[in-house]
Amino acid sequence: MAEKIHPDATSALAGLLVDGMTIVAGGFGLCGIPETLIDGIQASGVTGITAVSNNAGVDDFGLGKLLRTRQIRKMISSYVGENKEFERQYLSGELEIEFAPQGTLAERMRAGGAGIPGFYTRTGVGTVLAEGKETKEFDGETYVLERGIVADLAIVKAWKADPFGNLVFRKTARNFNPMAATCGRVTVAEVEELVGPGELEPDMIHTPSVFVQRLILATHNEKRIEQRTIRQEAA
Amino acid sequence: MAEKIHPDATSALAGLLVDGMTIVAGGFGLCGIPETLIDGIQASGVTGITAVSNNAGVDDFGLGKLLRTRQIRKMISSYVGENKEFERQYLSGELEIEFAPQGTLAERMRAGGAGIPGFYTRTGVGTVLAEGKETKEFDGETYVLERGIVADLAIVKAWKADPFGNLVFRKTARNFNPMAATCGRVTVAEVEELVGPGELEPDMIHTPSVFVQRLILATHNEKRIEQRTIRQEAA
Amino acid sequence: MTDMPKGWSRDQMAARAAAEIKDGFYANLGIGIPTLVANHIAPDIDVTLQSENGMLGLGPFPTEAEVDADIINAGKQTITELKRTSYCSSADSFGMIRGGHIQLSVLGAMEVAENGNLANWMVPGKMVKGPGGAMDLVAGVRKIIVLMDHAAKDGSAKFRKACTLPLTGTNVVDMLITNLAVFDRADRSSPFVLRELAPGVTAELVRSLTEAAYEDGLATRQAA
Amino acid sequence: MTDMPKGWSRDQMAARAAAEIKDGFYANLGIGIPTLVANHIAPDIDVTLQSENGMLGLGPFPTEAEVDADIINAGKQTITELKRTSYCSSADSFGMIRGGHIQLSVLGAMEVAENGNLANWMVPGKMVKGPGGAMDLVAGVRKIIVLMDHAAKDGSAKFRKACTLPLTGTNVVDMLITNLAVFDRADRSSPFVLRELAPGVTAELVRSLTEAAYEDGLATRQAA
C-alpha cells in the first residue's frame, strides 16, 4: 500500500509548500482546526498564502499565527471578527480579504471538490457580495453565480483515521473539514487518533480515503474555547 | 413532539398523493428501494406520476409495479435496462422518459434539496443529453447547466430511524436515498428498524431529522438481488 | 429622549418571538438577543434548534463538567447535545438552510426597510467582520423574524423606507419585533402591518419613530 | 473475416489494462470486460476500486454465505467489503468522479474517434437504456482506458475519424486497447499513437481495420 502516514507535519508538508499558493483549511472558529499543520506551515516560512477558511483564528492561535508572521497575503472567509492583528493588517492594506457568505463558502469548497465550477444561490443577491457576479433568473427569482474553489493544498483536522486515510470527525469539529478535504489538489489530514485497518465502520466514514493523500497524528490538540458558556448545575 | 411515526404506508401517504404529481424515489437498481411505500402508492391508484429515480425497477418489482399499473406517466432516470414493460410502454409512446447521467441525476437531487436551482458540470457536454441546455465556459472549458430537482414527494428506504426521523442507511443501499430525502417537499421514509431516542450516534446520522416528515416501519423487505454473483469458497 | 417609554425588555421581545414557534418546528436562533428566545419556548412546544456550523438539536449550555470544545454553536459558545442531536458538515447544514428546510430564524438587525430588506452585517467606516451565515439564513429560511430596538440611541428610525446600510438580504423580513411594537406581513409581496404595541406605547409614538410605511392592524385585531 | 488473427483474448486485453494501474491508484472498472481487469492486478500493486453507486474499496464476489443484498457494485452484482471500504451517497460518489479524484477508469465502447470522442451508450433504432454513470466517468476520471474489439463483426472500423453513434463524451479517451493493438496519447491535445501489436498482428492489418488517423509509435518503442 502507498504509505499515507507521515511522522510529523514537516514530513507531511514536504514538497507541497510554495510561496503564493492557495491553502484551504478546515475549522469553524477555533473548533476543528488543524493546529499541528498550521504550526508546520508557520515553521516552513512559506509566504504569500491565500488562505481559504471560514475564520482567521485569534491573534496567537489558528490561522492568526500565520497572520502574525505575515505569511498570509489574502483571506477568503465569512467572518474574521476575533483577530486584532488581522484588523491592523487589513486596515493598513497589508492583507487582502474576500468575504463569502458562510454557506456559500462551504458550498464553494464542496463544488470545487466535486468538479462543479459554478452554482447558483439566492444567498447574497442584492448585496455588495454579489456585486460584479453574474446573476440568472430561475422560475422568476434571481440567483447569483458562485464559483467552486480548488486549492493547491487542503489541511484538515479529524478525530480518527485508519491507515488508508479514511476519516471520522467529532461533533461540531466536523464543520468545514469534509469539504476542505475534497477541494485540495493535495490534502493533508491530522488526526487525534490513528486506528488500525478495519477499525472504522464502513457506513460511518465521513471522508473516504480517496481524498486524503497524507496523514499525521496531531501533536497539537489544544482545542481552545472561544466562548466558554456554562450553566449552573441544578442543585 | 410532533409525531412522525405512522402505522403503515397508507397512513403515511394520506393526503400526499395527487394525480400528476412528481415523486422522487431513492434506490439503485433494486437495492435500497422503498418497497413498502411503492406498494402503498400502487394501492392508492394515484396516476400521472412523474417518477424521478435512477432506475425503473423490474417488471414485477420496484417502480416496475407502478409501470405495470400505468400509474407512471414519465420517468427521469439514468438507466432503465431491466424492464420489459417499461420498454413496451416507451416504444408505444405511453411513457415519457428523460435521461440524466447518473451523477448529474444524483447532484440534481442534492441541489434541489439544498436550494441550488442550477449548477454546471462537464458531464454530458457535446452529447445529446446536453442538447437544448445552456452551456458556459469556465477557465477555457465548456460546462452544461443542469437544474436542481424538487419533487412533491420523496420516498426513501433506510436501515434505522429514531422517532425524531434521523436516518441511517446500510452499505450500498444508501445510494440515492440521502439526496432524495432532501428534495421532496414532503419526505416519507420507511425503515427496517425503529430505534429509541438517543440510540443513534449523533456523529453517525446520514439524514438529519429535518428532512423526514413521516416515517413507517417497512413491512416489505424482500431486497431482491439482480445479479447474484458468487465466488467458490477456497477449499 | 429620556421620557420615551422603554416598552418591552429584551427578554420580553424574545418571549414574543418564541410565541411564533410552532410545535415540530426546526429553527435557527441568531447570536445575541435571539439566543434568549430559547428560554421562552412553551413546554408543550417541541422545537429542534439548528446551528449553522453543523448541529441539529442544540442542548443547553454545559455544566462545568460537561464542557466539550468540540460542541459549539454558531456563536462559538459551548453547548450540549440531546437525544435527537445530529451533526453534519457545514455544507450539509447550509443545504438545510438554503433549501428551505428550516421553518424559522430569529435575527438581530441594524435596519429593516418597508420592503423587507435587512441590514445587519456592516457599518461603512467601521471594521467589517463579515456576514458569517446571516446572508444564507435570510435567503433560505422560510420565516425571518427580526428583533431590534425600535429606534437608534439618537432617536433616528431603524425601520425605514430603505436601508441606508449595506444589505444582508432583499425582501427577506417577515416579522419585526421591536421594544415598542410588533409588525408582520402576510407574505413577501404584502406591506408590513402594525399588530401589537408594548404596554404604555401609543400608535402615534410608533408612527413618529418609524420612517417605513406600514398599515395599521390594531383595529382589525381588536375587532377579531 | 475468418482468417483475421484473433489477437488478444478478453482476458489478455484486461491484463494489458491492468498494467496501467499504479500503486496507490483509485480506479473504477466498468461493466463487462473491464470487470476482468481486477483479476490481473499485480500482487504488489495496491489499488482501491470504486463503484459509482457509492462504495470505495470493492472486495471480491461473495461466497454463497456472504451474499448481502445491500452490497452491490454498479453492475448490480453482489460483492463484498474490505478493511478499507467506505460507503457514501451516490452524490458524494460522483463528487469523487466528477472532481477528478479517481485516477483511472476502464470502460467498454462501441466506437472511439481519433479526437478521443467516445460512443458507448446508445444505438439509434434500438431501445435506449440510458447512459448510467458512463458520461460522468468519462467527464471526470483523469485517465480513461477503453477496451473494445478492434473491428465490428462485419469488419467495419470501430476506431474512427468521427463517431457515428451518439457520443458519451468528447475528447475523453486516453488509451485504447483492442484485441489487435494498443494506442495511447500524451495528453488530450495530442494524436493517438500505435504502441503495441498483439502476437501475429501486423501494423498493416491494424491500419487496414482502422479508420482513425494515428501515429506509428512502434519504432520509437523498439528503440527505447
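Quantities reported herein were computed from a predicted structural model and do not represent experimental measurements. First the proteins, then the strands, lettered A, B, ... as listed; each starts at 1.
With a threshold of 4.5 angstrom between heavy atoms, A:Ala100 approaches chain C through N, CA, C or O but not through any side-chain atom. Looking at C:Asn117, there are no atoms closer than 4.5 Å to chain A (heavy atoms on both sides), in backbone or side chain. Heavy atoms of C:Val172 lying under 4.5 Å from chain A are absent altogether. Using a 4.5 Å cut-off between heavy atoms, A:Phe99 touches chain C through its side chain atoms alone. If you measure heavy-atom distances from A:Asn55 to chain C, the contacts under 4.5 Å come from the side chain alone. For C:Ile97, no part lies near chain A; criterion is any non-hydrogen pair under 4.5 Å. Both the backbone and the side chain of A:Ile230 come within less than 4.5 Å of a heavy atom of chain C. Proximity to chain C is limited to the side chain of A:Phe86, based on heavy atoms less than 4.5 angstrom apart. Neither the backbone nor the side chain of C:Thr85 comes within contact range of chain A; no heavy atom of the residue lies under 4.5 Å from a heavy atom of that chain.
Residues C:Arg98 and A:Thr123 form a side-chain contact, since some pair of their non-hydrogen atoms from C-beta on lies under 4.5 Å apart. The shortest distance between side-chain heavy atoms of A:Arg110 and C:Phe94 does not fall below 4.5 Å. Between A:Thr172 and C:Ser51 there is no side-chain heavy-atom pair separated by less than 4.5 Å. In this structure the side chain of A:Arg228 reaches within 4.5 angstrom of the side chain of C:Glu64, judged on heavy atoms.
Atom NZ of A:Lys223 and atom CD1 of C:Ile72 lie 11.5 Å apart (nearest 0.5 Å). Interatomic distance, C:Ser89 OG to A:Met179 CE, rounded to the nearest 0.5 Å: 4.5 Å. Atom CD of A:Glu107 is separated from atom CG of C:Asp92 by 8.5 Å, given to the nearest 0.5 angstrom. Rounding to the nearest 0.5 angstrom, the gap separating the CG atom in A:Asn175 from the CG atom in C:Asn53 is 7.0 Å.
Between chain C and the residues A:Lys171, A:Gln227, A:Arg108, the most heavy-atom pairs under 4.5 angstrom are made by A:Lys171. Note on A:Leu129, A:Leu30, A:Asn177: by heavy-atom pairs under 4.5 Å with chain C, the leading option is A:Leu129. Listed options C:Glu52, C:Gln77, C:Lys76, C:Met135 were ranked by heavy-atom pairs under 4.5 angstrom with chain A; first place goes to C:Lys76. Most heavy-atom pairs under 4.5 Å with chain C: of the set A:Gly29, A:Ala56, A:Cys31, A:Pro178, this distinction falls to A:Cys31. Among C:Asn73, C:Val128, C:Thr168, the residue making the largest number of heavy-atom pairs under 4.5 Å with chain A is C:Val128. Per-residue heavy-atom pair counts under 4.5 Å with chain C were compared for A:Thr104, A:Leu105, A:Asn83, and the maximum is reached by A:Thr104. Counting heavy-atom pairs closer than 4.5 Å to chain A, the top residue among C:Ala65, C:Ser86, C:Cys88 is C:Cys88. Contact tally against chain A (heavy-atom pairs below 4.5 Å) for C:Gly132, C:Gly133, C:Pro131, C:Gly54: the top residue is C:Gly132.
A donor-acceptor pair under 3.5 Å links the side-chain atoms of C:Asp136 to the main chain of A:Gln102, judged by distance alone. At distances below 3.5 Å, not a single donor-acceptor pair connects side-chain atoms of A:Thr127 with backbone N or O atoms of C:Gly169.
With salt bridges taken as basic N to acidic carboxylate O contacts below 4.0 Å, one links A:Arg170 and C:Asp68. The pair A:Glu87-C:Lys126 fails the salt-bridge criterion, with no side-chain N (NZ, NE, NH1 or NH2) lying under 4.0 Å from an Asp/Glu carboxylate O.
In this structure, A:Thr229 and C:Pro62 approach most closely via the heavy-atom pair O-CD, 3.1 Å. C:Ala74 and A:Phe28 get closest at one heavy-atom pair: O-CZ, 3.4 Å.
Other residues, nucleotides and ligands place more than 12 heavy atoms under 6.0 Å from the NZ atom of C:Lys161. The number of heavy atoms from other shown groups lying within 6.0 Å of NZ (A:Lys84) does not exceed 12. Taking a 6.0 Å sphere around CZ of C:Arg10, one finds it holds 12 or fewer heavy atoms contributed by other residues, nucleotides or ligands. By the neighbour-count criterion of 12 heavy atoms within 6.0 Å, atom NZ of C:Lys83 is sparsely surrounded, having that number or fewer from other residues, nucleotides or ligands.
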